[in-house]
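Beneath this line is the structure, given in structure tokens, with notes to follow.
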Amino acid sequence: MKISEIKVLVTCPGRNFVTVKIVTDAGVYGLGDATINGREQAVIACLNEHVVPCLIDRDPQDIEDIWQYLYRGVYWRRGPIGMAAIAAIDMALWDIKGKIAGLPVYQLLGGRSRKSVTLYAHANGETIDETLENAAALMDQGFKAIRLQSAIPGLPVTYGVLGEQKDYFELQGNRPLPPEEEWSTKKYYKLVVELFKKAREKFGPDVHLLHDVHSRLTPIEAARLSKLLEPYDLMFLEDACIAENQDSFKLVRNHTVTPLAIGETFNSIWDCKELIQNQWIDYIRAAATHAGGITGLRRIIDFAAIHDVKSAPHGAPDLSPICFAAHMHLDSWAPNFGIQEYSGAVNEQTAKIFKHAHEVNDGTAFVSDAPGLGVDFDEEAAAEYPYKRSYLPVSRLEDGTMWHW
Ligand code: GCO
Ligand code: MG
């Protein structure tokens, strides 16, 4: 069997998604997600100019050799762009392998470790009360784990709280440039501690509560917040600080028993080796799209398993339903699966383009038994929504200093 064509397709049904479609001479095709929010064209160029030409006429069944060829074989290895390109190719090859075998990908990984995949949903609000009302509504829908984010009084915009009309395109207007946000740790501490205090008062001890700091704190601030939140028993605190220096998490860990999660921007095991082997974190949040596909993420999850670290894959709306499908298989297989982030159903246009067979209800997902990844891509529908340039915001401290977004 040979790879006869690889298409790299971009579509914007409300946000940009980059999809790889590998076509074989046997007529079977596979799909992969290569979306990097705000850097879509860089991955497209990397694929079209550098990756695709090397793969035409190769046997699509050689997943491991192709992965090694694109990773080990390349002098300029790692980094988000290169690893997203590898990821999309890798997912598409697993999809093809499953289709040839007539088996869902989780069977190729070794079979299921559980009946279903527990999801955590997002409750956001302009006020604490609104956030808690939204959380209550999610609990009514069956969610047993909820991430709480609330607007910070005194700051113009807060991560995770975009009102109804304000999507990123609207924030950016006709000449897209990164929207600017402001950050104040002092204002945030007060809000976030109050949010979780009220949440526990309202909901009691049983529901799993989570929160994403989105890397805004310094290590010592992250340590302080983790400690302040201890009475409210979080399932995990996400991205408490940046981990470019992995030692930062040693500092946070030494001060708190609040479980810690990180990893959505990680590209390989090398971004989290110390975090995992020193057991400074409890959940690894790497995504198949950004960490080298199913092959890359599976290795991270296996390494995490022997250090009692669980998986909790990134599930933001900027990962396409193909990545969601890949996660469904990894989540169903991984013996050390923790929880899957879920940002809710996709919009109508996206659902028209990406059709997947995985079921979501009562805060739980059920992996499909369709051969391969169990997701399809409608090229004609995708072509109706052309690419639109868009940026993620940037963040500054109140005095204007550039900060982590
Ligand atoms: C999450 C994430 C996202 C990111 C987004 C950036 O936990 O889901 O932090 O919301 O901000 O993926 O593109
Ligand atoms: Mg996050």
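Values below: all heavy atoms of this structure, side chains included; hydrogens, waters and symmetry mates excluded. Just follow the structure's listing: the first ligand is 1, and inside any ligand the first atom is 1.
With sequence neighbours excluded, no residue forms a side chain to side chain donor-acceptor pair (under 3.5 Å) with H358. In this view, Q41 satisfies the side chain to side chain donor-acceptor pair (under 3.5 Å) rule with no residue, not counting sequence neighbours.
Salt bridge status for E221 with R216: absent, with no side-chain N to carboxylate O gap under 4.0 Å.
In summary, of the residues considered (T218, V394, I242), a side chain to side chain contact (heavy atoms under 4.5 Å, CB included) with H404 occurs for I242 alone.
Counting the atoms of ligand 1 from 1 in the order shown, those under 4.0 Å from a heavy atom of H214 are 4 (C), 9 (O), 11 (O). The distance from ligand 1 to the heavy atoms of R147 drops below 4.0 Å at these ligand atoms: 1 (C), 7 (O), 8 (O). With ligand atoms numbered from 1 in the order given, ligand 1 contributes 1 (C), 7 (O), 8 (O) to contacts under 4.0 Å with heavy atoms of E341. Listed by number with element, the atoms of ligand 1 under 4.0 angstrom from any heavy atom of E238 are 7 (O). The contact set between ligand 1 and D318, taken as ligand atoms under 4.0 Å from a residue heavy atom, comprises 5 (C), 6 (C), 12 (O), 13 (O).
Inter-residue side-chain proximity for E264 and H214 is flagged as met; some heavy-atom pair is nearer than 4.5 Å. Looking at W280 and V252, their side chains never come closer than 4.5 Å, going by heavy atoms from C-beta outward. At least one side-chain heavy atom of M328 sits less than 4.5 Å from a side-chain heavy atom of F324.
Residue contacts with ligand 1, taken as heavy atom pairs separated by less than 4.0 Å, do not involve R15 at all. Only the side chain of W405 comes within 4.0 Å of ligand 1, judged by heavy-atom distances. Counting heavy atoms closer than 4.0 Å to ligand 1, residue L319 contributes nothing at all.
Here the two rings, on F196 and F203, have centers that are 6.0 Å apart or farther. In this structure, H290 has its ring center at least 6.0 angstrom away from the ring center of F266.
Under the 4.0 angstrom criterion for non-hydrogen atoms, Y120 is not in contact with ligand 1.
Among V213, I36, N37, the residue whose heavy atom lies nearest to atom 13 (O) of ligand 1 is N37.
Any N or O atom pair closer than 3.5 Å counts here, and D212 shares at least one such pair with ligand 1.
Within the structure, the salt bridge (Lys or Arg N to Asp or Glu O under 4.0 Å) test picks out the following pairs touching residues 386-396 (sequence neighbours left out): E180-R396.
Among protein atoms, those of element N, O or S found less than 2.8 Å away from the Mg ion (ligand 2) are D212 OD2, E238 OE2, E264 OE1.
Taking the six-membered ring where the residue is Trp, H122 and Y120 present tilted rings, their angle falling between 30° and 60°.
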